[in-house]
Amino acid sequence: NVALTPMTASLAINHRQSFTAQVNNTANQGVSWLVNNIAGGNTSAGEICVTGSNPCQQILTSSGASVDYLAPAGVPSASSP
């Protein structure tokens with residue numbers, strides 16, 4: 001299983017939040033980071049970045065480590081069902 005810390009977050013536009021994934025009970029420590037089903041996210045939905053990178057150095061996978069989520073510059077529009 002994978003434990004994500006924090007489990008939820010609310011951010012203002014252009015703000016960052018660090019997340020840590022801890023993979024348990026397996027030798028495979030790989031984690032794929034997706035934002036709205038987009039690997040690594042994008043500028044519209046927000047991006048997954050190397051922790052502390054400025055500008056954001058986008059990352060798609062990590063080995064159970066910390067990453068930063070960078071919120072988009074504007075509020076994303078709601079998706080249609």
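These values consider heavy atoms only, across backbone and side chains, with no hydrogens, waters or symmetry-generated copies.
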Are F19 and V2 connected, step by step, through hydrophobic side chains (Ile, Leu, Val, Met, Phe, Trp, Tyr) whose heavy atoms are closer than 4.5 Å? yes

Rounded to the nearest 0.5 Å, how far does CD1 of I38 lie from OG of S44? 7.5 Å

Is a side-chain N or O of E47 found less than 3.5 angstrom from the main chain of G40, in a donor-acceptor match? no

State, yes or no, whether a side-chain contact exists between C56 and R16 at a heavy-atom distance under 4.5 Å. yes

V35 vs I48 side-chain heavy atoms within contact, under 4.5 Å: yes

More than 12 non-hydrogen atoms from neighbouring residues, nucleotides or ligands closer than 6.0 Å to CG on N24, yes or no? yes

Looking only at heavy atoms, the pair that brings V31 and A21 closest together is CG2-CB, 3.9 Å

Looking only at heavy atoms, which two atoms of V50 and I59 are closest? And how far apart? N-CG2, 4.1 Å

Indicate yes or no: at least one non-hydrogen side-chain atom of Y69 is less than 4.5 angstrom from one of L11. yes

Indicate yes or no: at least one non-hydrogen side-chain atom of P6 is less than 4.5 angstrom from one of Q17. yes

Is there a donor-acceptor pair closer than 3.5 Å between any side-chain N or O of T51 and the backbone N or O of S66? yes

State, with a plain yes or no, whether a side-chain heavy atom of V75 is found less than 4.5 Å away from one of I13. yes

Hey, does W33 have a side-chain heavy atom less than 4.5 Å from the side chain of L60? no

For A71 and A12 the tightest heavy-atom approach is CB-O, 3.5 Å

Rounding to 0.5 Å, atoms CD (Q29) and OG1 (T61) come to a distance of 13.0 Å

